[in-house]
Amino acid sequence: MEFIPIRSYDNYIKANLVISKLLGENINCYLKDENISTIFPVIGNAIGGIKICVAEDDVAKAKELLLQFEEEEKITCPNCGSRNVFYEVENRNVSNWILAIASWFLASYALKGKEVYHCYTCDYKFDKLSDIE
Ligand SMILES: [Zn+2]
């Protein structure tokens, strides 16, 4: 039986969450290159990350399930009900520039800007998922 890579991830937590859902739906699959990508992230990028490989017969059903999982994970905007919402670092903000410059001087990635959910339909921003309820 041949296994075909249908999706790749740079994060082993995300890859394991997705594959456990696929296994729960009786899809015959496994993670390829999980160990090398986790231990040596630079090599992981070069080889295409952690790949979900699915048995040839289950590929169509697995792709359908992946789309369904991604749709379920989308956040709904509390302001307009759109699902065109992304999690991002808030920009156009002086403090972000100060943080970026400080990070460069300290050679650190530890300093980050404020992360928010941003609805691209109505331009509403919110930082807590509890705002949704
Ligand atoms: Zn909205």
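Order of appearance sets the numbers: ligands from 1, and atoms from 1 within every ligand. Residues: numbered from 1 along the sequence shown. Predicted model, so just to flag it, every value in this text is computed and none were measured.
Contact record, Ile6 with Val54: CD1-CG2, 3.6 Å, taken as the closest heavy-atom pair.
No more than 12 heavy atoms of other residues, nucleotides or ligands lie within 6.0 Å of CG in Asp10, so this atom counts as exposed by the packing criterion.
Taking the ring axis of Phe69 as reference, the NZ or CZ atom of Lys21 stays within 45° of it and closer than 6.0 Å to the ring centre.
Between Phe126 and Tyr117, the two ring planes are parallel [angle under 30°; tilted spans 30° to 60°].
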Glu73 and Arg83: CA distance, side-chain angles, deciding distance, salt bridge (charged side-chain N to carboxylate O under 4.0 Å, His left out) verdict: CA-CA 10 Å; Glu73 285 175 6; Arg83 303 193 90 178; over 6 Å; no
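Protein N, O or S atom count below 2.8 Å of the Zn ion (ligand 1): the structure gives 4.
Residues satisfying the ring pair (Phe, Tyr, Trp, His ring centres under 6.0 Å) criterion with Phe86, sequence neighbours excluded, are Tyr120.
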